[in-house]
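Labels below follow one simple rule: chain letters A, B, ... track the order of the sequence lines, proteins then strands, and each chain is numbered from 1. All values below were derived from every heavy atom in this structure, side-chain atoms included, with hydrogens, water molecules and symmetry-related copies excluded.
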2 protein chains.
Amino acid sequence: MQSFSNSSTTYFPLEMSGVTTETTQDRALAALKNHKEAEKRRRERINSHLNRLRSLLPCNSKADKASLLATVVQRLRELKQQAVEITELETLPSETDEIRVLSCDYSSDGTSIFKASLCCEDRSDLLPELIQILNSLHLKTLRAEMATLGGRIRNVLVVAADKDHGIESLHLLQSALKSLLERSDASDRSKRKRAYDHQNNGPLMS
Amino acid sequence: MQSFSNSSTTYFPLEMSGVTTETTQDRALAALKNHKEAEKRRRERINSHLNRLRSLLPCNSKADKASLLATVVQRLRELKQQAVEITELETLPSETDEIRVLSCDYSSDGTSIFKASLCCEDRSDLLPELIQILNSLHLKTLRAEMATLGGRIRNVLVVAADKDHGIESLHLLQSALKSLLERSDASDRSKRKRAYDHQNNGPLMS
DNA sequence: GGTGACACGTGACTC
DNA sequence: TGAGTCACGTGTCAC
């Protein structure tokens, strides 16, 4: 590194022109050399950052320079969107039933992380069934929030799936939650209301 | 743009060698042109993604190509760390068992509001029992948070009691939670572990 | 006039 | 062979 070889030792006389002295040629060559080296340093700097990006990305290592940047763009957009969704922690249940399951993929080790949101009428057997769904899908609960208000409930779950069945688990979870919500619709409304008012017994207890 | 000047019109005879015919030179020039244009497209692609990154980044637009990438790296690290912190918020279960029940009295209409926190080893029948306790004490759940980590669980409950039995309900809730935790201690550890590992059946379901 | 950043064209290499 | 990517050296513009 920094091989500052003295360029003045490699001079040679100029016969074509009298205006270009040895020193001016010397300086020109030195300038060119500096330029060359500076450009090389610049390239190295850029590529170093590019490689750091590679290591940060989940899908990492050998990829096109352009497609690497493309995935970085996409990733940045995803993370920004996630930050918005998470900070607006709307834990209060809304009036309309809804299910949302979205992939988060926070972790770089490849394990898929989902955020699932469920909002519906409250009923006492909802939570056990939810737990069974998570268990049967081998989903690990990283974080769970529940809020009830006026007979309605909102659950927000952050779950981790095996890295092998990431997308599969996502769809399974989605359909399971959907059937859970439909089961709620199918159940007798008056029965659910009674269960909500007189909550001190029911099918929950073993 | 796309000035496809026909290179065959600009040929010139070669006197230095007989082996290079016009067609071979033609093809070489065409190849060189293709190469040149392909390289240009590649540069444009990279720069386009770079500009998108610029627009995604919080503050400035005009920045060095290298420092732009540096800030992208930093931003990506920040967002990743932020995501980790969010999933592990303040609700994480601690190593030691604990019960806290404290009066909050948020509401102005006189109804007593408690905040109860419970941290212990996780087991699948914990949540139903917790629900039963709340039901039998006629406590209305305003807000519930649950977090599990490494086989341990933390529950944070915000509950409302009848205005008549405020302090009474508080003490009842405290003792009920205490007995719940002691039941957890008394239960066979291996049984609890088995229930935790094979979670897809059990006493939860009706 | 030196420094830094960029786009360009080209040789080398891979699939 | 051809299409693709990369590193390199150079010309050029701006401060």
Side-chain angles (χ1 to χ4, degrees), chain A residues 1-8 10-12 14 16-57 59-74, chain B residues 1-12 14 16-17 19-57 59-74:
Chain A
M1 299 306 167
Q2 57 251 52
S3 60
F4 291 156
S5 63
N6 193 354
S7 62
S8 63
T10 62
Y11 76 93
F12 50 91
L14 285 180
M16 53 184 65
S17 169
V19 301
T20 56
T21 68
E22 296 178 8
T23 60
T24 57
Q25 245 226 359
D26 228 12
R27 294 213 295 196
L29 283 178
L32 200 63
K33 181 172 182 173
N34 280 338
H35 184 36
K36 195 200 303 186
E37 291 173 348
E39 180 63 14
K40 182 170 181 61
R41 283 197 301 271
R42 174 178 166 271
R43 282 194 302 264
E44 288 174 347
R45 195 145 31 103
I46 292 178
N47 285 334
S48 129
H49 288 141
L50 244 34
N51 287 330
R52 276 177 214 171
L53 281 180
R54 254 182 254 272
S55 65
L56 278 178
L57 248 47
C59 63
N60 60 359
S61 86
K62 200 49 186 172
D64 205 359
K65 209 183 272 192
S67 42
L68 164 69
L69 289 177
T71 58
V72 168
V73 168
Q74 185 180 353
Chain B
M1 299 307 169
Q2 55 249 54
S3 60
F4 290 153
S5 62
N6 192 354
S7 62
S8 63
T9 61
T10 62
Y11 76 94
F12 49 91
L14 287 180
M16 52 185 62
S17 167
V19 302
T20 56
T21 68
E22 294 180 6
T23 61
T24 57
Q25 247 227 359
D26 230 10
R27 294 212 296 192
L29 284 178
L32 199 65
K33 181 174 182 173
N34 280 338
H35 184 37
K36 194 199 304 186
E37 291 172 348
E39 179 65 13
K40 182 169 181 61
R41 283 198 302 270
R42 174 178 166 271
R43 281 195 303 264
E44 287 175 349
R45 195 142 34 100
I46 293 177
N47 285 333
S48 125
H49 288 142
L50 244 35
N51 286 330
R52 274 175 221 179
L53 281 179
R54 257 181 251 272
S55 65
L56 278 178
L57 246 45
C59 47
N60 55 358
S61 62
K62 194 51 188 173
D64 204 0
K65 211 182 271 192
S67 44
L68 164 68
L69 288 178
T71 57
V72 168
V73 169
Q74 185 181 353

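- Counting non-hydrogen atoms under 4.0 angstrom, A/Arg41 reaches nothing in the nucleic acid.
- For the pair B/Lys36 NZ and C/dG11 C1', the interatomic distance rounds to 15 Å; values are reported in whole Å.
- Rounded to whole angstrom, the span from the CG atom of A/Asn47 across to the P atom of C/dA5 amounts to 15 Å.
- Distance, B/Arg42 CZ to C/dC8 P: 13 Å, rounded to whole Å.
- Protein atom NZ of B/Lys33 is 16 Å distant from nucleotide atom P of C/dC8, rounded to whole Å.
- Considering all non-hydrogen atoms of both residues, A/His49 and B/Ala66 come closest at ND1-O, 3.1 Å.
- We find that CD of A/Glu37 is positioned 15 Å from C1' of C/dG2, with the value rounded to whole Å.
- Counting all heavy atoms, side chain and backbone alike, B/Thr71 lies closest to B/Leu68 at OG1-O, 2.6 Å.
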Side chain to side chain contact (heavy atoms under 4.5 Å, CB included) between B/Lys36 and B/Leu32, intermediate numbers included
CA-CA 6 Å; B/Lys36 194 199 304 186; B/Leu32 199 65; 5.7 Å; no
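- Judged by atom type and distance alone, B/Glu39 does not reach the base of C/dC8 through any side-chain donor-acceptor pair under 3.5 Å.
- At least one side-chain heavy atom of B/Arg43 sits under 4.5 Å from a side-chain heavy atom of B/Glu39.
- Side-chain contact between B/Ile46 and B/Arg42 is present, with at least one heavy-atom pair separated by less than 4.5 Å.
- In the 5' to 3' direction, nucleotides of DNA chain D lying under 4.0 Å from heavy atoms of chain A begin and end at D/dT5 to D/dT12.
- Remark: B/Lys65 is in phosphate contact with C/dA7, judged by side-chain N or O atoms under 4.0 Å from OP1 or OP2.
- What separates CG of B/Asp64 from C1' of C/dA5 is a distance of 7 Å, to the nearest Å.
- Residues A/His35 and B/Ile46 both approach DNA chain D. Their nearest nucleotides, taken by heavy-atom distance, put B/Ile46 toward the 5′ side.
- Distance, B/Glu44 CD to C/dG9 P: 11 Å, rounded to whole Å.
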